[in-house]
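The figures that follow rest on heavy atoms only: side chains count, while hydrogens, waters and symmetry mates do not. In what follows, chains are A, B, ... by sequence order, proteins preceding strands, each numbered from 1.
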Number of protein chains: 2
Amino acid sequence: MTDIPGLGNTLVCLSTMIQRRYAQICADHDLTVAQAQLLCLVKDRPRRLGELSHLLGLAKPGLSGLIDRTERRGLVQRVSCAQDRRACDLTSTPLGKEIGDALHADVGARLPEIVADLPADDRATFAGLAAEITGCH
Amino acid sequence: MTDIPGLGNTLVCLSTMIQRRYAQICADHDLTVAQAQLLCLVKDRPRRLGELSHLLGLAKPGLSGLIDRTERRGLVQRVSCAQDRRACDLTSTPLGKEIGDALHADVGARLPEIVADLPADDRATFAGLAAEITGCH
DNA sequence: TTGCGTTACTTCGTGCCGCGAACTAACTTG
DNA sequence: CAAGTTAGTTCGCGGCACGAAGTAACGCAA
């Protein structure tokens with residue numbers, strides 16, 4: 001494969017730009033990045049902890065603590081699962097749902113400012129390629 | 001400006017993909033992301049702490065602690081500045097320089113795997129646009 | 001020169017984040 | 001039923017980063 005010089009660094013820079021802005025948006029909704037990501041996964045449907053662990057790339061104890069903190073803020077709730085009494089579903093509270101929806105809207109509105117300097121057709125091209133890479137459709 | 005639906009989410013996904021892979025590469029060199037970023041800024045020339053604070057987007061105490069931990073590992077060194085006795089330059093040790101260079105090479109080699117599934121011309125297009133957005137030349 | 005505001009950095013206390021190891025309870029299989 | 005597996009928790013640790021408060025050095029003005 002043809003190497004593109006400096007691409008590695010460019011990707012790190014890009015990712016840092018996105019993370020910084022995303023963290024700011026989260027903070028504006030009084031959320032940490034980790035809590036925001038948890039909330040977004042859970043705000044529209046309940047999920048098993050094991051599933052969350054996989055999606056977030058966290059080991060069990062890390063997830064457990066993250067849920068503890070988020071539950072303490074009243075955004076999320078453990079619900080014991082009827083089919084398997086060992087297991088837990090995590091759901092969002094009404095407050096969590098509300099905040100999660102607001103965050104999602106804000107991310108959609110403000111994060112793309114990062115590419116605002118590009119001409120419109122480049123912006124569309126970039127968005128398409130990024131969607132391709134991530135598999136986010 | 002024309003909104004591109006879902007772009008906010010796509011950017012978060014992209015950034016997460018990059019961060020996860022980058023963290024893995026750092027871990028392979030026994031570095032945390034924060035320490036790696038510090039080391040990369042310092043490995044080719046000394047820098048003032050104030051400059052680093054600005055570049056890394058950290059407040060003073062956060063940087064101070066990060067440097068403490070990195071210094072404890074022998075990768076980096078505080079050098080008091082002759083011109084201004086309040087100030088500090090941060091330099092990399094020979095070990096730090098070596099590890100930093102190895103990391104940099106590895107990032108260049110392995111991080112672009114993220115875009116490996118794209119056809120070659122799309123890859124080049126994406127790289128160009130990303131460079132444009134970040135201002136990484 | 002002496003004093004005063006500013007700047008550069010550190011220390012302290014706090015809280016979030018995430019890991020491995022060890023544990024408990026519940027399911028499953030022989 | 002016994003043994004092994006699975007889902008989740010707890011504990012102790014270390015990294016990360018903040019605000020508030022402190023210290024030392026600089027620079028300027030009276």
Side-chain angles (χ1 to χ4, degrees), chain A residues 16 19-20 22-24 26-42 46-91, chain B residues 15-16 19-20 22-24 26-42 46-91 99:
Chain A
T16 300
Q19 285 294 313
R20 296 237 255 254
Y22 182 57
Q24 183 56 60
C26 291
D28 290 347
H29 293 260
D30 232 313
L31 292 170
T32 66
V33 168
Q35 288 174 15
Q37 246 143 9
L38 177 65
L39 190 52
C40 282
L41 285 174
V42 140
R47 298 208 193 240
R48 279 292 161 74
L49 296 213
E51 191 188 357
L52 291 170
S53 175
H54 178 252
L55 290 169
L56 292 169
L58 295 180
K60 298 285 191 64
L63 180 63
S64 226
L66 178 57
I67 292 175
D68 287 346
R69 292 183 294 273
T70 313
E71 198 172 21
R72 221 175 291 138
R73 293 195 184 181
L75 306 181
V76 113
Q77 201 165 9
R78 284 175 173 96
V79 178
S80 60
C81 173
Q83 293 84 42
D84 184 340
R85 298 215 316 284
R86 290 169 301 181
C88 252
D89 283 328
L90 195 70
T91 69
Chain B
S15 155
T16 300
Q19 285 295 311
R20 297 237 253 252
Y22 182 57
Q24 183 56 60
C26 292
D28 290 346
H29 292 261
D30 232 312
L31 291 170
T32 66
V33 169
Q35 287 173 16
Q37 245 144 9
L38 177 64
L39 191 52
C40 282
L41 285 174
V42 141
R47 299 208 192 239
R48 280 291 161 73
L49 296 213
E51 191 188 358
L52 292 170
S53 175
H54 179 254
L55 290 169
L56 292 170
L58 295 180
K60 297 285 188 65
L63 180 63
S64 227
L66 178 58
I67 292 175
D68 287 346
R69 292 184 294 273
T70 313
E71 198 171 22
R72 221 176 290 139
R73 295 195 183 180
L75 306 181
V76 112
Q77 201 165 9
R78 283 176 171 95
V79 178
S80 60
C81 175
Q83 293 84 43
D84 184 342
R85 298 215 317 283
R86 290 169 302 179
C88 250
D89 281 328
L90 196 70
T91 69
I99 293 182

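For the pair Val76(A) and Glu71(A), the tightest heavy-atom approach, listed with the atom from each and the gap, is O-CG, 3.3 Å. Nearest heavy atoms, Arg20(A) versus Gly57(B): NH1-N, 4.1 Å. Considering all non-hydrogen atoms of both residues, Arg73(A) and Leu31(A) come closest at NH1-CA, 4.5 Å. When every heavy atom of Leu49(B) is checked against every heavy atom of Leu63(B), the shortest pair comes out as O-CD2, 3.2 Å.
The span of DNA chain D lying next to chain B, judged by atoms under 4.0 Å from heavy atoms, is bounded 5' to 3' by dG15(D) to dC26(D). You can see that DNA chain C meets the heavy atoms of chain A within a 4.0 Å-exclusive cut from dC16(C) to dC27(C), reading 5' to 3'.
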So what is the 5' to 3' dot-bracket string for DNA chain C, if pairs are Watson-Crick or G-U wobble with both distances under 3.5 Å, crossing pairs use [ ] and | means the partner sits on another strand?
||||||||||||||||||||||||||||||

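Contact of the Arg48(B) side chain with the Asp89(B) side chain is registered, since non-hydrogen atoms from C-beta on lie closer than 4.5 Å.
A heavy atom lying under 4.0 Å from DNA chain D marks the following residues of residues 63-85 of chain A, by number: Ser64(A), Arg78(A).
Sorted by first and then second residue, the side-chain hydrogen bond (donor to acceptor under 3.5 Å, both in side chains) pairs with a member in residues 61-70 of chain B read Asp68(B)-Arg78(B); sequence neighbours excluded.
Distance check, rounded to the nearest 0.5 Å: SG of Cys26(A) to CD of Gln37(A) gives 7.5 Å. With rounding to the nearest 0.5 angstrom, the CD1 atom of Ile67(B) is 4.5 Å from the CG atom of Leu90(B). Taken from CG in Leu75(B) to NE2 in His29(B), the straight-line distance is 12.5 Å, to the nearest 0.5 Å. Between Leu39(A) atom CG and Leu66(A) atom CG the span is 10.5 Å, to the nearest 0.5 Å. Taking OG of Ser53(B) as the reference point, atom NZ of Lys60(B) lies at 6.5 Å (rounded to 0.5 Å).
Among residues two or more places apart in sequence or in another chain, the salt bridge (charged side-chain N to carboxylate O under 4.0 Å, His left out) test is passed with Asp30(B) by none.
For the pair Arg86(A) and Pro61(B), both in contact range of DNA chain D, the more 5′-proximal nearest nucleotide belongs to Arg86(A).
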